[in-house]
4 protein chains.
Amino acid sequence: MADQLVRSGRKPRADAQRNRERLLEAATQVFNQGEAEASLEAVARQAEVGIGTLYRHFPTREALFEAIYRREVQQLVALAEQLDNEAPVEAVRRWVHAMIGFVAVKKGMSAALAVVAQSSSQLAVCMLEQMVGALDRLLRRAVSAGEMRGDISAEEILRALVGMCYMHDTPDWRRNVLRTADVLIDGLRYAARGPQPAGR
Amino acid sequence: MADQLVRSGRKPRADAQRNRERLLEAATQVFNQGEAEASLEAVARQAEVGIGTLYRHFPTREALFEAIYRREVQQLVALAEQLDNEAPVEAVRRWVHAMIGFVAVKKGMSAALAVVAQSSSQLAVCMLEQMVGALDRLLRRAVSAGEMRGDISAEEILRALVGMCYMHDTPDWRRNVLRTADVLIDGLRYAARGPQPAGR
Amino acid sequence: MADQLVRSGRKPRADAQRNRERLLEAATQVFNQGEAEASLEAVARQAEVGIGTLYRHFPTREALFEAIYRREVQQLVALAEQLDNEAPVEAVRRWVHAMIGFVAVKKGMSAALAVVAQSSSQLAVCMLEQMVGALDRLLRRAVSAGEMRGDISAEEILRALVGMCYMHDTPDWRRNVLRTADVLIDGLRYAARGPQPAGR
Amino acid sequence: MADQLVRSGRKPRADAQRNRERLLEAATQVFNQGEAEASLEAVARQAEVGIGTLYRHFPTREALFEAIYRREVQQLVALAEQLDNEAPVEAVRRWVHAMIGFVAVKKGMSAALAVVAQSSSQLAVCMLEQMVGALDRLLRRAVSAGEMRGDISAEEILRALVGMCYMHDTPDWRRNVLRTADVLIDGLRYAARGPQPAGR
DNA sequence: AATGAATGAGTGTTCATTCAT
DNA sequence: TATGAATGAACACTCATTCAT
């Protein structure tokens with residue numbers, strides 16, 4: 001499903017598995033602490049593995065991105081499920097904060113996400129859908145509770161968040177983005193009750 | 001103004017001027033209907049002009065970006081001034097819509113803006129500052145009027161808007177982004193009066 | 001030695017070794033029968049090898065120079081050691097002649113040496129130092145024996161020799177330079193005993 | 001004879017003459033305080049003159065070099081004549097020192113001379129011949145006086161000197177080269193009397 | 001399966017030279 | 001004549017991708 005090795009039915013050779021791990025580890029480092037446009041050769045070098053091996057495991061650059069972030073994405077999906085018990089709006093806020101914190105830790109992930117969000121490969125779409133699904137679940141609850149407007153799709157909001165993260169590269173962008181994200185969430189609440197007389 | 005240059009037969013040779021125009025036209029097309037990272041050679045080819053000519057007119061990639069978008073940016077700055085008479089929040093909303101519409105017309109401008117927003121060249125910074133200045137002017141009025149919270153900088157909001165635009169490439173992204181931008185603005189209003197009891 | 005590498009089937013793949021050889025051969029030809037500033041592309045073409053291959057083997061122009069002339073330089077160093085048993089002045093003369101003969105065979109080496117002598121890369125400096133060291137060893141002996149003046153550094157003399165070679169491109173320059181070099185050596189001897197009354 | 005303008009019979013226009021002067025001045029500066037490989041465009045810019053004008057006056061790079069150094073060469077030729085009254089060996093030494101000092105002042109002239117010495121254009125040859133002639137005149141006197149060996153041509157010595165200068169780029173190369181040049185001259189004297197018993 | 005050598009198209013950039021104004 | 005815009009060949013260098021070992 002994810003990449004070539006899995007397809008062959010047979011259990012993957014031990015060293016193949018090890019190399020896959022090394023590559024993911026290396027790619028994470030290279031992409032996260034630098035640019036998302038680093039050369040694949042650099043990744044292979046970091047993993048102390050031949051470039052050919054990299055290609056065997058991840059035939060395209062996107063396959064690599066996807067493999068890197070699949071796990072992380074699943075964490076976010078899991079988090080959404082856990083937040084089911086929270087108050088609706090608060091759950092949305094916490095999930096959004098988690099996502100931003102997540103991107104902040106994995107510096108450079110924003111670029112990768114941007115790439116993914118703009119590509120249209122099946123797998124990229126799938127990843128995006130998962131995240132959209134997670135956020136959607138939370139939003140729906142808030143909307144049902146009458147605490148948020150329901151005419152903005154989760155995908156829209158997700159794209160906005162990713163875009164907000166992507167536009168920064170200063171080291172302290174995180175708190176700024178967090179605040180702006182809160183504004184966005186506030187906007188979703190505000191409209192739930194419609195515009196109100198400015199004089200209260 | 002352009003007239004003057006053409007008529008006076010002085011320095012700006014006719015063909016030079018024409019080539020400059022062609023290059024801008026071509027660059028706009030190439031960048032707008034593709035990626036902001038298209039090769040300069042491609043631009044020259046599109047303009048049916050030697051690569052050397054491109055370099056003569058625009059010694060760096062950014063000089064080209066800047067030339068393309070400087071005029072447009074100034075339009076937005078001018079718009080901000082015109083909106084001084086509007087109701088504060090409405091003025092903000094209209095300016096934001098104008099900016100998005102502007103990006104929508106110049107499809108791909110978002111990519112260019114993204115590049116600019118992330119680079120740190122003097123000129124890029126200057127362009128960004130101009131737009132920030134325009135938005136800041138409008139925000140301040142709204143804040144002064146007690147209709148918007150004042151702890152989110154214009155730059156943050158601008159980056160968020162650019163990011164939102166950048167994350168889309170479907171043909172109909174515009175209305176989605178407009179709506180999400182409105183949510184953001186609503187958020188700015190909402191907090192001006194503090195969180196309110198949600199029906200509780 | 002080369003044998004070993006080839007036979008052991010280990011790391012140095014056969015074709016890599018062959019290409020390296022071809023590149024050195026080609027570079028020697030191109031540089032020697034033309035200018036030291038020939039394009040690297042020309043070298044690759046001569047070697048019938050992709051330009052990328054050239055870069056893999058020799059990441060910089062100087063790395064190529066160095067590879068070409070390292071072995072030869074070491075021969076000269078070795079020669080200096082062998083001449084330790086000769087009469088001091090004669091040893092200097094023979095080494096200098098060897099050097100010139102060496103340049104003469106590798107026509108165009110003078111240009112390469114000139115480049116090296118003017119660059120300041122680590123490796124270039126190292127090569128120069130080796131040759132200076134070799135000549136210095138011989139000069140010291142002659143100075144100790146009271147047969148040469150000691151206030152001219154080996155490096156000066158070496159630069160002069162390289163310069164002399166570099167200034168020629170006629171096919172028969174060798175004997176001319178040899179004679180002039182002898183004059184230089186004579187000058188070193190002459191002053192060992194101080195200026196003498198010229199018959200006056 | 002030197003360049004195109006002179007050929008046309010008519011007296012050169014005043015501004016043409018002025019531009020020629022500016023170009024020479026500029027070229028001297030650019031070549032002398034930098035590299036002999038500076039772009040012609042840089043020269044034209046320094047002269048505040050169009051590149052086309054440069055080409056009109058000096059159709060080739062060598063024509064420019066030649067024009068620059070012709071006057072200086074003639075100074076050296078004149079100096080040789082003035083030295084006719086000095087003691088022969090001293091005259092040679094003084095001329096050689098003058099030449100080196102000359103190159104030292106016009107930093108970068110060594111590179112230009114090297115170019116000239118290796119080219120084979122008529123004019124370059126002519127320049128070289130003039131300098132050779134000047135030195136030759138002095139050498140002959142010393143040889144006639146029995147104070148120098150006569151089997152080394154002036155051209156050889158000149159090439160050696162130029163080469164020696166060319167091989168340096170440190171700021172204090174002058175004294176080193178002067179000393180080495182003295183050694184060369186000493187060598188010419190030494191052999192005039194043949195090898196002498198080392199014990200005196 | 002793993003390796004890394006080979007490839008060459010592609011990009012940015014410079015500069016000598018021509019030519020329209 | 002003077003100008004400088006236009007040109008494009010040439011070069012250095014990178015990197016994704018293929019393929020022999």
Side-chain angles (χ1 to χ4, degrees), chain A residues 4-5 8 10 12-20 37-45 48-57 59-61, chain B residues 9-20 22-23 37-45 47-57 59-61, chain C residues 9-20 23 37-45 47-57 59-61, chain D residues 4-5 8 12-16 18-19 37-45 48-57 59-61:
Chain A
Q4 299 203 317
L5 292 181
S8 76
R10 286 267 140 235
R13 264 169 50 171
D15 57 343
Q17 187 56 27
R18 201 200 57 222
N19 277 339
R20 183 166 196 279
E37 320 206 338
S39 78
L40 297 186
E41 199 111 13
V43 173
R45 208 178 314 124
E48 295 177 327
V49 142
I51 179 71
T53 304
L54 186 154
Y55 267 84
R56 161 166 292 272
H57 284 283
T60 72
R61 172 178 282 262
Chain B
R10 269 288 186 146
K11 279 295 170 59
R13 264 167 50 172
D15 56 345
Q17 188 59 26
R18 200 200 57 220
N19 276 339
R20 196 189 146 85
R22 291 177 75 133
L23 276 165
E37 321 206 336
S39 82
L40 297 186
E41 201 113 8
V43 173
R45 208 177 314 124
E48 294 176 329
V49 141
I51 180 68
T53 303
L54 185 153
Y55 270 87
R56 163 171 287 271
H57 286 284
T60 70
R61 172 178 285 263
Chain C
R10 269 288 188 145
K11 283 292 171 61
R13 261 167 54 170
D15 57 344
Q17 188 58 27
R18 200 200 58 222
N19 276 338
R20 197 190 146 83
L23 277 165
E37 320 206 338
S39 81
L40 296 186
E41 202 113 8
V43 172
R45 210 178 312 123
E48 294 177 325
V49 140
I51 181 66
T53 303
L54 186 153
Y55 270 87
R56 162 172 287 272
H57 285 284
T60 71
R61 172 177 285 262
Chain D
Q4 299 204 317
L5 292 181
S8 77
R13 267 168 48 171
D15 57 345
R18 201 202 55 222
N19 275 340
E37 322 205 337
S39 80
L40 296 186
E41 198 110 11
V43 172
R45 209 178 313 125
E48 293 176 329
V49 142
I51 180 69
T53 305
L54 185 153
Y55 268 85
R56 161 164 292 273
H57 286 283
T60 71
R61 172 177 283 262

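Since this is a predicted model, take the numbers as computed values, not measurements. All chains are named by letter (A, B, ...) in the order of the sequence lines, taking the proteins before the strands, and each is independently numbered beginning at 1. FYI, side chains are in, hydrogens and waters are out, and symmetry mates aren't considered; it's all heavy atoms of this structure.
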Letter by letter from the 5' end, nucleotides 14-21 of chain E scores (B base, S sugar-phosphate only, - none; protein heavy atoms under 4.0 Å) B-SB--B-

ask   = Below 4.0 angstrom from OP1 or OP2 of dT1(F), is there any side-chain N or O of N19(D)?
value =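 No, outside the criterion.
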
Check the phosphate of dT1(F) against H57(D), side-chain N and O only, distance under 4.0 Å to OP1 or OP2. Yes or no?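 So the side chain of H57(D) is outside the cut-off, no N or O lying under 4.0 Å from OP1 or OP2 of dT1(F).
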
Quiz prompt | Residue whose closest nucleotide on DNA chain E lies nearer the 5' end, L54(A) versus G50(C) | solution =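 By nearest-heavy-atom nucleotide position, the 5'-most residue is L54(A).
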
Kindly write out the residues that satisfy side-chain contact (heavy atoms from CB on, under 4.5 Å) with A44(A), not counting sequence neighbours, or none if the list is empty.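 Applying side-chain contact (heavy atoms from CB on, under 4.5 Å) to A44(A) gives I51(A), L54(A).
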
Pairing string of DNA chain E (Watson-Crick or G-U wobble, both atom distances under 3.5 Å; | = paired to other strand) is .||||||||||||||||||||

- Could you state the CD-P distance from E48(B) to dG8(F), rounded to the nearest angstrom?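 Going from E48(B) (CD) to dG8(F) (P), I get 12 Å.
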
R61(B) and E37(B): which non-hydrogen atoms are nearest, and at how many Å?
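Shortest heavy-atom contact: NH1-CA, 3.6 Å.
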
| Quick one: on DNA chain F, does T53(B) or R45(C) contact a more 5' nucleotide (nearest heavy atom)? |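 Whichever sits nearer the 5' end wins; that is T53(B).
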
- Task: Not counting sequence neighbours, which residues clear side chain to side chain donor-acceptor pair (under 3.5 Å) with R20(C)? List them please.
- Result: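 So R20(C) forms no side chain to side chain donor-acceptor pair (under 3.5 Å) with any residue.
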
